[in-house]
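Both ligands and their constituent atoms are indexed starting at 1 by order of listing. Heavy-atom basis, side chains included; hydrogens, waters and symmetry copies ignored.
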Amino acid sequence: MTHRLAVLISGNGTNLQAIIDAIDAGRLSASVAVVLSNKTSAAGLQRAIRAGIATITLNKENYPDRAAFDQAMIAELDRFQPDTIVLAGFMRILSPAFVAHYSGRLINIHPSLLPLHKGLHTHLHAIQAGDAEHGCSVHFVSDELDGGPIIARARVPVLENDSEETLSKRVQAREYELYPRVLEWRATGRLTLEPRGVQLDGQPIPSEGFDLDQLPAELATAPANSRRS
Ligand code: GRF
């Protein structure tokens with residue numbers, strides 16, 4: 001059975017696009033079952049529609065509180081029987097009940113080398129801190145904001161003349177490589193979150209996650225279905 005992704009967005013959806021493109025290119029053996037947005041204006045919704053993917057939009061104004069909103073998300077998402085919930089620029093804090101419901105199936109991409117620079121404006125913070133390198137991280141989601149177990153990271157150098165914009169562009173380019181790669185490990189059943197931590201092929205992974213540029217040999221090769229052509 002194809003691994004079913006539910007992708008949650010609030011904005012542009014360029015990571016969603018990278019996931020769609022990776023599936024089309026045979027680099028990711030999954031399907032996007034549904035895209036959910038909390039913003040009707042999210043450009044990413046058009047990307048989903050263009051790709052023929054079902055979309056759901058929920059407006060927080062229609063719910064009395066976060067708990068009710070999150071229960072509505074659960075009800076909508078579960079109709080699509082998702083194997084993995086993919087947060088891709090979803091700009092809402094999730095309730096503990098939502099996180100618990102999808103425990104071990106909920107993954108986020110964050111634009112920093114976690115545990116550095118949690119929260120917003122990460123590119124600016126990396127420049128202001130004088131960091132020599134910056135990047136992005138994919139992690140399982142826990143109740144702590146941007147604090148769940150890290151799966152993998154990708155680095156970029158911070159250049160002398162970098163602005164928030166130039167740095168964010170280079171980081172985003174790496175996000176588009178990193179997220180589909182990690183999702184392929186999920187889709188092929190290799191990546192799980194166990195009580196003893198993140199496991200890849202049944203083995204614990206480094207606590208800072210894998211480095212995309214230094215993957216062990218068994219992870220560095222392209223997935224079988226992309227080697228066909
Ligand atoms: C990305 O930079 C991601 O790291 C962060 O939100 C941004 C989403 O961008 N969580 P997009 O909507 O995928 O273009």
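Of the protein's non-hydrogen atoms, Thr14 OG1, 2.4 Å is the one closest to atom 14 (O) of ligand 1. Counting only heavy atoms of the protein, atom 9 (O) of ligand 1 lies nearest to Gln172 NE2, 3.5 Å. Counting protein heavy atoms only, atom 12 (O) of ligand 1 is closest to Gly13 N, 2.8 Å. Given atom 10 (N) of ligand 1, the protein heavy atom at minimum distance is Ile109 O, 3.0 Å. Summary of contacts: the protein heavy atom closest to atom 6 (O) of ligand 1 is Gly89 CA, 3.4 Å.
Residues His110 and His139 have side chains that never bring a donor and an acceptor to within less than 3.5 angstrom of each other. The closest side-chain donor-acceptor pair between Asp70 and His101, if any, does not fall under 3.5 angstrom.
The distance criterion of under 3.5 Å between nitrogen or oxygen atoms is met by Asn15 with respect to ligand 1. Ligand 1 has no nitrogen or oxygen under 3.5 angstrom from a nitrogen or oxygen of Asn108.
A distance-only check finds no donor-acceptor pair linking the side chain of Arg27 to the backbone of Glu184 [under 3.5 Å].
The cationic atom of Arg92 (NZ for Lys, CZ for Arg) lies less than 6.0 Å from the six-membered ring centre of Phe69 and within 45° of the ring axis.
Using a 4.0 Å cut-off between a side-chain N of Lys or Arg and a carboxylate O of Asp or Glu, Asp83 and Arg4 do not qualify as a salt bridge. Between Asp213 and Arg174, at least one side-chain nitrogen of the basic residue sits less than 4.0 Å from a carboxylate oxygen of the acidic one, meeting the salt-bridge criterion.
The contact set between ligand 1 and Glu175, taken as ligand atoms under 4.0 Å from a residue heavy atom, comprises 1 (C), 2 (O), 3 (C), 4 (O).
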